[in-house]
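Take a look at the structure set out below.
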Amino acid sequence: MKWFDYAAPVSVGEAVGLLTAHPSARLLAGGTDLLVQLRAGRKETDLVVDAKRIPELNVLHYDPAHGLTLGSAVPCYRIYKDKNVARAYPSLAEVASLIGGTQIQGRASIGGNLCNAAPSADSAPLLIALGATCRVAGPRGSRDVPVEEFCTAPGRTVLQPGELLVSIHLPPPAPHSGSRYLRFIPRNEMDIAVAGVGVEVILENGRFRSARVALAAVAPTPLYVREAGDSLAGSPVDEASIATAAEIARKNARPITDMRGTADYRGHLCGVLTRRALEAAVARARGGN
Ligand SMILES: Cc1cc2nc3c(=O)[nH]c(=O)nc-3n(C[C@H](O)[C@H](O)[C@H](O)COP(=O)(O)OP(=O)(O)OC[C@H]3O[C@@H](n4cnc5c(N)ncnc54)[C@H](O)[C@@H]3O)c2cc1C
């Protein structure tokens, strides 16, 4: 591993200043992607900027009127141990508890998962389904970006030089809503998703009021399949509506063939996982687990 300097700023402004002054600087949240990539020579830097002392990046705050503010560097274990998250966003607690194993969850953050911009990032489809937005800060102030627009290519995001992800905001859960993320991996805790699906549904009088569906690992970026959710809006909550949405998700997937699976197999998985995730989200919206 090449030598690099280390800084631990205590404010967003200080961090932005360091990132602006050092174009190759990298923010370190948990380091579970970054340190592996630096060691393997897949990334280089002359300065690592630690996020753990910046209060806004480590906040975890739930307010029933405004929703959840999740600092970008909050580690997964804090998320799934938080009682408000468990109650209001059980699917987020589930995602935080399936990223890596216990050791990884002690450091890894959802912000790092998004900023690493892997197509297979497990948190991204669920955050998209939940309608989350990213608060970005940089030399020209701050801006909000919907999660579905945050990743632009494998390993690339909308972040411009000097910018960092401060926090992720989730709206409060709507009444009669439910969400779920499901992925397929060959071996628990040891592999990345072959395909993943995040969904949220809102029910009203036996029908879907609205729904959102997003996919992992089947396109260059996490993929929001707006048409799949829109096909459910106003439809009865039944097998046929869910099958139609699952088929739309399957058709919208743009997977590649690699050592984890063929494109056909991944497309098939998208259909199956979308159906199962929607069924689970409906059960949750009806008061089940
Ligand atoms: C053994 C193992 C198992 C894993 N299992 C999974 C898994 O099941 N699912 C999964 O999705 N991933 C998995 N990962 C990958 C990794 O743990 C996750 O992507 C994790 O969420 C990354 O978070 P982090 O805080 O460690 O990010 P870091 O490594 O600190 O950062 C990742 C990248 O994002 C940048 N960055 C971080 N925070 C910010 C910010 N606030 N603003 C701007 N840039 C930022 C960094 O500079 C770096 O380029 C695994 C990794 C390992 C080593």
Side-chain angles (χ1 to χ4, degrees), residues 4 6-9 12 15-16 18-20 22-40 42-59 70-80 92 94-127 134-138 142-143 145 150-151 154-168 181-196 198 216-217 222 260:
F4 52 77
Y6 169 85
V12 171
V16 167
L18 286 164
L19 293 173
T20 307
H22 300 263
S24 81
R26 303 263 179 196
L27 208 84
L28 174 124
T32 62
D33 278 320
L34 181 63
L35 294 179
V36 175
Q37 292 161 0
L38 289 175
R39 189 180 283 271
R42 295 212 306 275
K43 275 186 183 164
E44 282 195 6
T45 187
D46 60 359
L47 176 67
V48 164
V49 178
D50 196 338
K52 292 285 185 188
R53 293 193 197 165
I54 307 173
E56 293 93 327
L57 274 63
N58 291 282
V59 70
L70 173 62
S72 61
V74 172
C76 288
Y77 85 92
R78 274 186 62 199
I79 299 170
Y80 62 69
L92 179 65
E94 283 163 3
V95 160
S97 65
L98 62 71
I99 292 180
T102 307
Q103 288 163 307
I104 293 293
Q105 291 155 13
R107 288 286 309 178
S109 63
I110 298 294
N113 196 233
L114 277 185
C115 291
N116 189 55
S120 59
D122 280 313
S123 69
L126 180 73
L127 293 173
C134 298
R135 171 68 48 88
V136 170
S142 63
R143 60 192 175 111
V145 181
F150 189 77
C151 299
R156 288 179 184 273
T157 68
V158 294
L159 293 178
Q160 298 297 308
E163 285 190 328
L164 57 85
L165 173 63
V166 176
S167 51
I168 300 153
Y181 174 72
L182 294 177
R183 68 177 181 180
F184 179 78
I185 52 169
R187 298 168 299 166
N188 275 344
E189 296 174 359
M190 289 186 65
D191 221 329
I192 57 177
V194 179
R260 289 192 189 80

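All values derive from a computational prediction rather than experimental measurement. Counting from 1, the numbers follow the sequence of the chain as shown. Both ligands and their constituent atoms are indexed starting at 1 by order of listing.
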Which bit of [X] gets closer than 4.0 Å to ligand 1, counting heavy atoms only: side chain, backbone, both or neither?
X: Leu98; value: backbone
X: Glu56; value: neither
X: Asn113; value: both
X: Ala108; value: both

Minimum-distance pair of heavy atoms, taken over all atoms of Tyr181 and Ala216: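 What the structure gives for the nearest pair is OH-CB, 4.0 Å.
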
Sequence-distant partners of Pro119, side-chain contact (heavy atoms from CB on, under 4.5 Å), two or more places apart: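 Scan of Pro119 (side-chain contact (heavy atoms from CB on, under 4.5 Å), adjacent residues dropped) gives Pro154.
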
Element-labelled atoms of ligand 1 that are located less than 4.0 Å from some non-hydrogen atom of [X]:
X: Asp33; answer: 15 (C), 16 (C), 18 (C), 19 (O), 20 (C), 22 (C), 26 (O), 29 (O), 32 (C)
X: Leu159; answer: 43 (C)
X: Ala121; answer: 11 (O)
X: Lys43; answer: 49 (O)
X: Ile104; answer: 1 (C), 2 (C), 17 (O), 52 (C), 53 (C)

Sidechain N-carboxylate O distance under 4.0 Å for Arg143, Glu163: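 A salt bridge links Arg143 with Glu163.
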
